[in-house]
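Taking it in order: structure first as structure tokens, then the write-up.
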Protein chains: 2
Amino acid sequence: MMELTRKGEYAVRGIIHLARQPYGTVVLLGEIAEAAEIPQTFLAKIFQNFAKLGFINSYRGTGGGFSLARPAAEITLRQVVEAVEGPIAPNRCVAPAGECVRSATCTVHTVWRQVQLQAQETLDGVTIEELAREESP
Amino acid sequence: MMELTRKGEYAVRGIIHLARQPYGTVVLLGEIAEAAEIPQTFLAKIFQNFAKLGFINSYRGTGGGFSLARPAAEITLRQVVEAVEGPIAPNRCVAPAGECVRSATCTVHTVWRQVQLQAQETLDGVTIEELAREESP
DNA sequence: ACCTTCAAGACCATTTTTATCTTTTTTAGT
DNA sequence: ACTAAAAAAGATAAAAATGGTCTTGAAGGT
């Protein structure tokens, strides 16, 4: 239940790899994909999205690649995960677009809400910098 | 991300409906399905599984149906959810069958582990009896 | 010009979800 | 015994999500 998809897993691994380089370093997509063991074309899609969202910068042409657009300490795990997987919600009824008719009276709703808040808080409390720093290759 | 499926939602709604009846009452599948707005044949599958797992008893033939096999206060939300959705795990790397090679060194792993533990605890702390009692029709 | 690298969009196979349908088995009541 | 009711079990299937690939285009460096 409630599992991160490959896309989410790849996104996290990819951005952590980028965060391990000195800040500002431009890294080839192929290098990240190889190092993090991610299908390159798949990672391309993920990073295209990250660039749009302002997490990373992309540069075309010779010497091109990707670099972090802001310090890794200012990117939370929640931001990364939600960027690819959408809002964290253990049930439809607590999703932002949720049209839960029963929310006022339904106790299960409050349980899902609590699970949601706990997960959000936990992921908010972790930055990519921490993950890049502490994780071994 | 991490959303309960319809099956899980139906399972919870179905067993709560059963728990609202006086303990031991045998209820028709069709009645539960109608009351909880669940496709009957789908609920049948879910309840077959519940019966196998010992949450509910099933009775065939005339006057048959389903009843709780143990008091609703002794069935937790986590048990119900895991029965249909499988173990709670925000990422493969913290799943019971998980073959996470990096678990020793990977910090992300510990984050997912924490999310997992919090969700498990929360769902462990809620019984079907509470949900049946407090929830309005 | 030409090569490199990312962007964008179409495409596609597989798996999961969300069911339905049919047949069989069990049971109660007559 | 017979019959009707009800769940069990298994086959089937449409729709959606997942996990990618491929092609073409655009931008940048040499």
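Per chain, numbering begins at 1; letters A, B, ... match sequence-line order.
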Assess, by modelled atom type and distance only, whether the side chains of A/Asn91 and B/Glu3 contain a donor and an acceptor separated by less than 3.5 Å.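 No pair is found: no donor N or O on one side chain lies under 3.5 Å from an acceptor on the other.
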
Just by distance, no angles: are the side chains of A/Thr107 and B/Glu130 close enough, under 3.5 Å, to form a donor-acceptor pair?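 Looking only at side-chain atoms, B/Glu130 and A/Thr107 do not form any donor-acceptor pair under 3.5 Å.
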
Outermost nucleotides of DNA chain D that come under 4.0 Å of a non-hydrogen atom of chain B: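 The contact span of chain B on DNA chain D goes from D/dA4 to D/dG19.
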
Taking every non-hydrogen atom, the tightest pair across B/Glu85 and B/Lys7: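 That would be OE2-C, 4.4 Å.
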
Please check: side-chain N/O of B/Gln21 versus main-chain N/O of B/His17, any donor-acceptor pairing under 3.5 Å?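 Yes, the answer is positive, given that a donor and an acceptor are paired below the 3.5 Å cut-off.
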
Please work out if [X] contacts a base, only the sugar-phosphate, or nothing of the nucleic acid, heavy-atom cut-off 4.0 Å.
X: A/Ser58; answer: sugar-phosphate
X: B/Phe47; answer: nothing
X: B/Gly30; answer: nothing

Quick one: [X] [atom1] to [N] [atom2], roughly how many Å, whole number?
X: A/Leu29; N: C/dT4; atom1: CG; atom2: C1'; answer: 13 Å
X: A/Asn49; N: C/dA8; atom1: CG; atom2: C1'; answer: 13 Å
X: A/Leu43; N: C/dA8; atom1: CG; atom2: P; answer: 15 Å

Should A/Val27 and A/Phe66 be marked as a side chain to side chain contact (heavy atoms under 4.5 Å, CB included) after you check the CA-CA gap, both sets of side-chain angles, and the distance that decides it? CA-CA 5 Å; A/Val27 188; A/Phe66 295 90; 5.8 Å; no

Please assess B/Trp112 against A/Leu123 for the test side chain to side chain contact (heavy atoms under 4.5 Å, CB included), listing each intermediate value before the final yes or no. CA-CA 9 Å; B/Trp112 294 126; A/Leu123 300 192; 4.1 Å; yes

Which atoms of nucleotides 25-27 of chain C (N or O only) lie under 3.5 Å from a protein N or O atom, and what are those distances?
{"residue": "C/dT25", "atom": "O2", "partner": "B/Arg60", "partner atom": "NH1", "Å": "3.0"}
{"residue": "C/dT26", "atom": "O4'", "partner": "B/Arg60", "partner atom": "NH1", "Å": "2.7"}

Would you say that A/Thr25 contacts A/Ser67 through its side chain, given a criterion of any heavy-atom pair below 4.5 Å between the two side chains?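 When only atoms from C-beta onward are counted, A/Ser67 and A/Thr25 do not touch, as no gap falls below 4.5 Å.
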
Determine all donor-acceptor pairs shorter than 3.5 Å in which one atom belongs to a side chain in residues 69-80 of chain A; sequence neighbours excluded.
{"residue": "A/Arg70", "atom": "NE", "partner": "A/Glu74", "partner atom": "O", "Å": "3.2"}
{"residue": "A/Arg70", "atom": "NH2", "partner": "A/Gln79", "partner atom": "OE1", "Å": "3.0"}
{"residue": "A/Thr76", "atom": "OG1", "partner": "A/Gln79", "partner atom": "N", "Å": "3.1"}
{"residue": "A/Arg78", "atom": "NE", "partner": "A/Glu82", "partner atom": "OE1", "Å": "3.4"}
{"residue": "A/Arg78", "atom": "NE", "partner": "A/Glu82", "partner atom": "OE2", "Å": "3.3"}
{"residue": "A/Arg78", "atom": "NH1", "partner": "A/Asp124", "partner atom": "OD2", "Å": "2.9"}
{"residue": "A/Gln79", "atom": "OE1", "partner": "A/Thr76", "partner atom": "N", "Å": "3.1"}

Most 5' of B/Lys45 and B/Gln40 on DNA chain D, judged by nearest nucleotide: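 Looking at DNA chain D, the more 5' nearest nucleotide goes with B/Gln40.
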
Could I get a table of every N or O pair under 3.5 Å where one atom is in the protein and the other is in nucleotides 14-18 of chain C?
{"residue": "C/dT18", "atom": "OP2", "partner": "B/Arg6", "partner atom": "N", "Å": "3.0"}

Sequence neighbours excluded, every pair satisfying ring-ring contact (aromatic ring centres under 6.0 Å, His included) that has a member inside residues 67-92 of chain A: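 Checked against ring-ring contact (aromatic ring centres under 6.0 Å, His included) - neighbours excluded - no pair reaches residues 67-92 of chain A.
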
Tell me who clusters with B/Val26, hydrophobic residues only, linked when side chains sit under 4.5 Å apart either directly or through other members.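 Members other than B/Val26 - counting any ILVMFWY side chain reachable under 4.5 Å - are B/Tyr59.
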
With hydrophobic residues grouped by side-chain heavy-atom distances under 4.5 Å, do B/Val126 and B/Leu117 end up in a single group?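 Shared cluster, no.
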
